[in-house]
Amino acid sequence: MDKHMKIYAEHLEDSALEQFNSAMGQEFAIKGALMPDAHTGYSLPIGAVVASDGVVVPAWVGYDIGCGMCALPTSFESNDVTASSEEIFKEIYKKVPVGFNVNQHPVDCHLNPDDLSQLGRKAFEDRKGFRALGSLGGGNHFIEIGKDEEGKIWVIIHSGSRGVGHGIATEYMRLASGTQKILEGHHGLRVDDDTGRGYINDMSWALEFALANRKEMMRRIVGAISAYCDGEADWDKLINRNHNHAEEKDGMWIHRKGATHAEEGMMGVIPGNMRDGSFIVEGKGNPDALWSSSHGAGRVLGRKQAKRELKTEDFQETMRGITARVEDSTLDESPMAYKDIFEVMRLQADLVDVCQHVTPIVNVKG
DNA sequence: ATGTAC
């Protein structure tokens with residue numbers, strides 16, 4: 001069967017290609033693409049986009065539904081931010097829970113948990129409800145304050161839907177597979193039956209929760225910077241882009257697992273690494289790439305491998321001048337654990353235009 | 001990525 005598939009990755013692991021081919025072998029898979037940062041995941045590689053007919057596959061969206069980026073331009077002076085970077089860094093850790101931490105009390109939110117299915121509602125209650133709103137999480141989630149080529153200060157966040165999205169993903173992956181082996185295979189839900197509709201409803205709610213989460217953090221971070229610098233955020237220019245979601249387009253269900261939505265003219269944010277910062281991009285709406293781009297640089301070293309093979313001294317050396325946690329515990333996030341972001345950006349010149357390159361001043365991690 | 005089990 002000739003299905004439309006395009007691979008933008010230059011060096012691809014065999015196991016990632018096998019996962020992609022296996023997914024594309026499903027009868028409901030219509031069209032697929034692998035972004036330049038693609039690497040092995042479970043079920044579907046990270047950096048894959050697959051369009052399906054009449055079916056949604058929870059494992060193709062993954063655990064962190066709504067994981068994505070926000071970028072907010074501001075009028076803070078870069079000299080002020082640099083001069084107060086240590087204070088701002090500490091203030092953010094005071095205001096934003098990181099890692100497994102959440103707020104002591106629930107945070108006000110316009111979202112209504114009654115809009116979730118019974119299953120989604122239970123995941124929400126079990127996973128700390130609105131206490132999780134405005135919390136960063138762990139792994140590769142981060143907060144970055146940086147300046148672009150014109151000296152403008154941006155606040156950039158990578159975070160997701162925290163526990164609630166994870167709970168929703170887990171429960172629907174279990175229902176779809178019909179077994180406890182939820183990470184194997186490509187189990188779909190019909191979009192027109194109750195379970196499929198339930199997944200789409202709850203996934204959509206989790207996307208909104210993830211955005212509300214990033215916005216709440218943005219408010220706290222802008223507050224932290226404002227304690228030391230004059231200026232304000234340009235909220236009308238906030239960019240929000242998911243890289244783990246499924247959306248309907250032209251009668252297809254497009255699954256993005258670690259791939260940024262990049263319609264023509266759509267603004268996006270592609271993070272590189274702790275040292276090289278992030279790119280503000282504008283989508284080209286390339287249909288071969290299923291209207292997508294990469295969601296980052298992509299790993300070259302697994303987390304364990306990075307901690308084994310890299311040296312903390314080298315990490316500290318390369319991060320000089322940036323206020324960040326640079327230590328043994330964050331060594332798996334070293335720039336050396338990722339592909340060269342500049343090369344990845346070159347490989348997707350037909351997918352996005354680069355508008356700005358934001359280089360880090362402060363980086364906050366879980 | 002998350003939070004559970006060791």
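Below, read A as the first sequence line, B as the second, and so on, with proteins coming before strands; counting in each chain starts at 1. Note that this is a predicted model, so its numbers are computed, not measured.
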Using whole Å, what does the distance between atom [atom2] of nucleotide [N] and atom [atom1] of [X] come to?
X	N	atom1	atom2	value
A/K365	B/dT2	NZ	P	12 Å
A/F209	B/dA1	CZ	C1'	14 Å
A/R214	B/dA1	CZ	C1'	14 Å
A/M203	B/dA1	CE	C1'	18 Å
A/H245	B/dA1	NE2	C1'	18 Å
A/L183	B/dT2	CG	P	16 Å
A/N101	B/dA1	CG	P	16 Å
A/N242	B/dA1	CG	C1'	15 Å

Close approaches to DNA chain B from residues 163-178 of chain A, in residue order (heavy atom, under 4.0 Å): A/G163, A/H166
DNA chain B contacts among residues 119-146 of chain A, heavy-atom distance under 4.0 Å: A/R127, A/G137, A/G138, A/G139, A/N140, A/H141
Criterion salt bridge (charged side-chain N to carboxylate O under 4.0 Å, His left out) against A/R121, the qualifying member of A/D126, A/D114, A/D115: A/D114
Qualifying residues under side-chain contact (heavy atoms from CB on, under 4.5 Å), relative to A/H186, sequence neighbours excluded: A/S22, A/A23, A/Q26, A/S43, A/W60
Atom of A/D276, atom of A/H357 and distance for their closest heavy-atom approach: O-NE2, 2.6 Å
Pairwise ring-ring contact (aromatic ring centres under 6.0 Å, His included) hits with a residue in residues 192-234 of chain A, at least two apart: A/F124-A/W205, A/Y172-A/Y199, A/W205-A/F209
A/D192, CG atom: more than 12 neighbouring heavy atoms under 6.0 Å: yes
N/O donor-acceptor pair under 3.5 Å between A/K339 side chain and A/P36 backbone: yes
Backbone of A/S78 reached by a side-chain donor or acceptor of A/T82 within 3.5 Å: yes
N or O in side chain of A/R162 less than 4.0 angstrom from B/dA1 OP1/OP2: no
Review item, side-chain donor-acceptor pairs of residues 8-17 of chain A, under 3.5 Å, at least two apart:
unit_1: A/E13; atom_1: OE1; unit_2: A/T40; atom_2: N; d: 2.8
unit_1: A/E13; atom_1: OE1; unit_2: A/T40; atom_2: OG1; d: 3.0
unit_1: A/S15; atom_1: OG; unit_2: A/T40; atom_2: OG1; d: 2.7

What side-chain donor-acceptor pairs closer than 3.5 Å can you find for residues 257-272 of chain A, not counting sequence neighbours?
unit_1: A/K257; atom_1: NZ; unit_2: A/Y42; atom_2: O; d: 2.7
unit_1: A/K257; atom_1: NZ; unit_2: A/L44; atom_2: O; d: 3.3
unit_1: A/K257; atom_1: NZ; unit_2: A/A59; atom_2: O; d: 3.1
unit_1: A/T260; atom_1: OG1; unit_2: A/S294; atom_2: O; d: 2.8
unit_1: A/H261; atom_1: NE2; unit_2: A/E247; atom_2: OE2; d: 3.4
unit_1: A/H261; atom_1: NE2; unit_2: A/E263; atom_2: OE2; d: 2.8
unit_1: A/E263; atom_1: OE1; unit_2: A/K249; atom_2: NZ; d: 3.1
unit_1: A/E263; atom_1: OE2; unit_2: A/K249; atom_2: NZ; d: 3.4

